Amino acid sequence: MGYLKSTPDAQGFFGDYGGAELPPPLVPHFKEITEAYERLAHSAEFIRDLRYIRKHFQGRPTPVSYLRNLSDMCGGAQIYAKREDLNHTGAHKLNHCMAEALLAKFMGKTKLMAETGAGQHGVALATAAAYFGLECEIHMGEIDIAKEAPNVTRMKLLGAEVVPVGFGGRSLKEAVDSCFQSYVAQADTALFAIGSVVGPHPFPRMVRDFQHVVGIEAREQFLEMTGQLPDMVAACVGGGSNAMGIFAGFIDDEDVSLHGVEPMGTSSKLGDHAATITYGKDGMIHGFRTMVLEDENGDPAPVHTIASGLDYPGVGPEHAHLYRTGRVNYSAADDKEALDAFYKLSRHEGIIPALESSHAVAFAMREAKANPGKSILINLSGRGDKDIDYVTETFGFGES
Ligand SMILES: *Cc1c(COP(=O)(O)O)cnc(C)c1O
């Protein structure tokens, strides 16, 4: 049996990781979501609707581009990019948000709820809610609201209610807690749409399956372009959804090596990075078992990276599992390398990448030199329009 069919198990475990530890009132609701998903994953109507949306609303398939100039500059391997930056709303997140919204619709729910950090997930979910005529409630820390004003504006234009979260660190972690609390009170009519391959079962599996389209397309496109499979496939890892999406397409191809790239931030000191697999240990976070970065009290540690979408002290349980089994290699790129990659891809390929995706670009630039004659396919998870003001005001325009 192929990997994807056999993993996770019925309880949502990827080896030792995953599962669901929920407050008792939420147990029946997650059971309902699991059952609905299992039914709909085989429903011809659900699959047909999702195909239609991907083609006629999202603009899929997104292309694979050969990065000729960057490959020539780095010398060595040939670098290719799967262009999720060209997906509607500018990132891969809409792949799972549209599917989660369709699931909510089939379940008879009237509302979508989620937390958001930098606002990317909130915008994607608000987009999906608008498409389906569903209500949308997004919880966001006050600090993030102040930092990410354009995304708050987008969410409001799309018709979402943005709930400011003012306790604790007033950021992503508190937004998760606040959203969970609000969800408990309205789980009969709302679906909590988690924004990555994290959270309690069935979300890690469901979001992976919804992102699998990236890997399916990329494998077919790469074969058609080159007549071969890539030697290496790489993606940045925050929660890990864009990485699982592209990895899923190649996971049974044993000759293709898979690489997750974590954010090393400014240093390897706890608090300066968000490289959970590189430096973390086994633990629990937000209702599932995985690897986590913890402080001395065993609480989720503060994290830093230039890419706010990678800013999470945990990681999807499937990544922890694939790290332990050795099927995927994990390494890290720091803020400086990501920034250099951001400038180079902009200047030499005409593609302004998201700072998150720039970590995967940085990995490819580094590995290209060491792998002459090989090919590297990266998942370019999103476009960098959201990052241009921050980057140029803080760091200027880069060297030519
Ligand atoms: C949110 C985001 C990420 C990180 O999320 P994953 O679940 O790790 O993929 C990466 N890239 C972009 C462009 C994002 O918006």
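Just so we're clear, the structure is a prediction, and the values are computed from it rather than from any experiment. When a ligand or atom number is given, it counts from 1 through the structure's own listing order.
Salt-bridge formation is detected for the pair Asp253/Arg219: a Lys NZ or Arg NE/NH1/NH2 atom is positioned less than 4.0 Å from an Asp or Glu carboxylate oxygen. Taking 4.0 Å as the cut-off between side-chain N and carboxylate O, Arg205 and Asp209 count as a salt-bridged pair. A salt bridge links Arg383 with Asp385; the closest basic N to acidic carboxylate O contact falls under 4.0 Å. Here Lys109 does not pair with Glu135 in a salt bridge; the nearest charged N to carboxylate O distance is not below 4.0 Å. By the 4.0 Å N-to-carboxylate-O rule, Arg39 lies too far from Glu35 to be salt-bridged with it.
Shortest non-hydrogen contact noted between Glu337 and Ala362 is O-CB, 3.6 Å.
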Give me the pairs of N or O atoms, one from ligand 1 and one from the protein, that sit under 3.5 Å apart.
residue	atom	partner	partner atom	Å
ligand 1	7 (O)	Ser196	OG	2.6
ligand 1	7 (O)	Gly240	N	3.2
ligand 1	7 (O)	Ser241	N	2.7
ligand 1	7 (O)	Ser241	OG	2.7
ligand 1	8 (O)	Gly238	N	2.8
ligand 1	8 (O)	Gly239	N	3.2
ligand 1	8 (O)	Gly240	N	2.7
ligand 1	9 (O)	His92	NE2	3.1
ligand 1	9 (O)	Ser241	N	3.4
ligand 1	9 (O)	Ser241	OG	3.2
ligand 1	9 (O)	Asn242	N	2.8
ligand 1	9 (O)	Asn242	ND2	2.8
ligand 1	11 (N)	Ser381	OG	2.7
ligand 1	15 (O)	Lys93	NZ	2.6

